[in-house]
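Structure first, commentary second.
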Amino acid sequence: MTGGAPSKRTARGEVWRLASRYNPGVSLSVYIHFPYCLQKCPYCDFASASIQRADVPSSGYADAVLMELEERVAGFEKIPPLASVFFGGGTPSLWEPRELGRVLTGIRSAFDQPHAGAGHQQALEVTVECNPSSLDQARAAALREAGVNRLSIGVQSLNNDRLRFLGRLHDRASALRAVAEAQSEMPRVSADLMFGMPGQSAGDFVAELEQLLALEPAHLSIYALTIEPSTQFGALHRKGRLQLAPDGDFAETFMRTHEVLSTIGFEHYEVSNYARPGQASEHNLHYWRGGAYLGLGAGAVGCLHVTPPANSRKHACTREGRARRYRNTPDPATYGSAATAPEREVFEEWLGSEELTREALMLGLRTCEGVDLAETETRLGRDPLVGRATSVEQQRATGNLVTEGHRMRVPYSRWLHLDSIIASIF
Ligand code: SF4
């Protein structure tokens with residue numbers, strides 16, 4: 001992995017030319033980052049700037065994203081099929097639905113995907129992340145009209161003290177209202193919950209989960225609170241003024257959550273994600289299966305599969321250089337004033353087969369379906385077990401890895417040890 005060479009040092013135009021050489025059979029997801037929130041949460045290290053609701057530059061930001069879309073797609077040699085669209089952030093529910101819809105229309109046009117329209121089956125999954133403080137029934141309806149068919153709502157907790165601890169702007173009642181109103185307008189709704197807060201027992205978490213289950217959600221994302229060094233919580237943690245729940249509580253909460261949700265028919269399809277049958281997030285599955293994605297917007301990351309020419313210096317550096325990952329500047333003002341990709345991007349790395357194999361294992365083993373070894377070999381041109389056959393065999397012998405046909409996975413009973421199992425085969 002070359003890692004981190006700023007694109008400004010790359011000959012102008014070269015990045016573009018290389019990044020556009022798609023394998024035409026490979027589908028592509030599009031991620032659009034909306035870099036504004038009403039208030040920065042103390043645990044969050046995502047690219048987001050605080051802004052007053054009235055100051056959100058909905059139209060200008062849509063223009064900037066559409067300009068980036070046009071420029072990036074113009075460089076593609078072939079237009080790949082579109083797998084999914086995801087508006088994340090930040091808080092994209094602050095974006096005026098009309099302007100978000102303008103961006104979505106641009107994406108559909110660029111990839112030749114007509115809007116199915118009301119009353120028709122919508123094949124393309126289009127998700128918008130929402131916060132309860134910027135979502136009501138009218139906004140959910142407007143987003144549906146704009147072509148969105150899935151909302152992911154950041155509930156995080158249904159305990160008011162914990163919501164205050166997390167610095168959230170909503171309370172329990174408004175979170176439940178937002179989920180219910182979203183469900184009344186939108187075909188698919190997901191909710192996020194967090195656990196592992198100080199003093200939060202497994203029983204406390206399950207009590208919150210059960211309040212949410214009363215609304216019969218079809219999809220849940222359940223994450224442990226983690227301390228990121230660059231956040232307010234990170235600073236408090238370094239000073240010894242913030243402790244997370246002990247490991248034992250974490251494990252108990254994880255296992256009880258799995259039991260509760262599995263018993264009522266949810267599939268635990270990824271370590272942090274549960275879905276009713278047929279309700280898994282296609283966008284996330286696309287990532288976890290190693291799919292390519294186009295990132296648009298301030299702070300967005302994209303990863304495009306490419307085939308550099310034989311005489312490329314990058315090609316030599318990265319052995320095969322099968323994908324290029326880039327990150328746009330997180331600063332909305334810089335992003336808005338940039339005219340070309342090299343001006344927008346603050347980071348790029350070229351990934352060869354070994355790097356992509358590691359990613360395929362790291363992401364795939366976090367899912368219940370595991371890694372498709374045959375597909376990975378076809379996609380990356382090398383056997384993913386080369387160089388790790390002994391360690392894989394050792395993990396198989398202990399039951400940490402299971403192979404069925406051409407799939408390799410970690411059984412549920414070992415998911416608490418996923419990180420060390422994955423590390424052992426790297
Ligand atoms: S609302 Fe979400 S993206 Fe915004 S600061 Fe809070 S956690 Fe981060």
Side-chain angles (χ1 to χ4, degrees), residues 31-58 61 65 86-96 100 127-136 139-140 143 150-172 174-179 182 189-198 200 208 212 219-237 242 244 272-273 281 283-284 287 295-301 327-333 335:
Y31 173 83
I32 309 95
H33 193 81
F34 187 77
Y36 301 104
C37 292
L38 293 177
Q39 180 174 290
K40 190 73 183 172
C41 300
Y43 59 90
C44 174
D45 72 344
F46 296 154
S48 68
S50 296
I51 196 166
Q52 299 286 320
R53 204 179 293 262
D55 295 336
V56 173
S58 286
Y61 193 66
V65 171
F86 194 101
F87 291 85
T91 308
S93 49
L94 286 172
W95 207 346
E96 273 305 316
L100 182 150
T127 304
V128 175
E129 282 186 335
C130 303
N131 275 331
S133 52
S134 52
L135 180 68
D136 57 18
R139 185 151 292 229
L143 287 167
R150 186 172 181 274
L151 299 182
S152 175
I153 305 175
V155 170
Q156 314 309 1
S157 177
L158 288 170
N159 174 289
N160 285 341
D161 289 338
R162 291 192 194 102
L163 285 167
R164 274 191 291 278
F165 166 77
L166 292 172
R168 304 300 298 211
L169 293 172
H170 61 272
D171 60 12
R172 171 186 174 280
S174 55
L176 291 172
R177 176 199 49 75
V179 173
V189 175
S190 175
D192 289 7
L193 277 181
M194 292 175 71
F195 68 98
M197 282 172 260
Q200 185 185 30
E208 293 182 48
L212 194 52
H219 187 282
L220 292 163
S221 295
I222 296 181
Y223 298 99
L225 173 64
T226 51
I227 301 291
E228 303 300 340
S230 60
T231 64
Q232 283 183 46
F233 275 10
L236 289 173
H237 191 61
L242 176 66
L244 295 181
S272 301
N273 285 277
S281 162
H283 186 80
N284 286 342
Y287 281 142
L296 302 171
V301 174
R327 186 189 313 135
N328 287 341
T329 172
D331 177 48
Y335 173 79

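Only heavy atoms go into these numbers, but all of them, side chains included; no hydrogens, no water, no symmetry mates. Counting convention: from 1, in listed order, for ligands and their atoms alike.
- In summary, the aromatic rings of Phe34 and Tyr61 are positioned with their centroids under 6.0 Å apart.
- Of the listed options Met194, Arg168, His170, Arg168 places a heavy atom closest to atom 2 (Fe) of ligand 1.
- Checked for salt-bridge contact, Asp161 and Arg164 meet the test: a charged N lies under 4.0 Å from a carboxylate O.
- Within the protein, the N, O or S atoms sitting under 2.8 Å from atom 4 (Fe) of ligand 1 are Cys37 SG.
- Annotation: side chain to side chain contact (heavy atoms under 4.5 Å, CB included) contacts of Thr226 (sequence neighbours excluded): Glu228.
- Scanning for side chain to side chain contact (heavy atoms under 4.5 Å, CB included) contacts around Asp171 gives Asn160, Ala173, Ser174, with sequence neighbours left out.
- Taking the centre of each ring, Phe233 and Phe165 come in below the 6.0 Å mark.
- Residues satisfying the side chain to side chain contact (heavy atoms under 4.5 Å, CB included) criterion with Ser133, sequence neighbours excluded, are Leu38, Asn131, Leu169.
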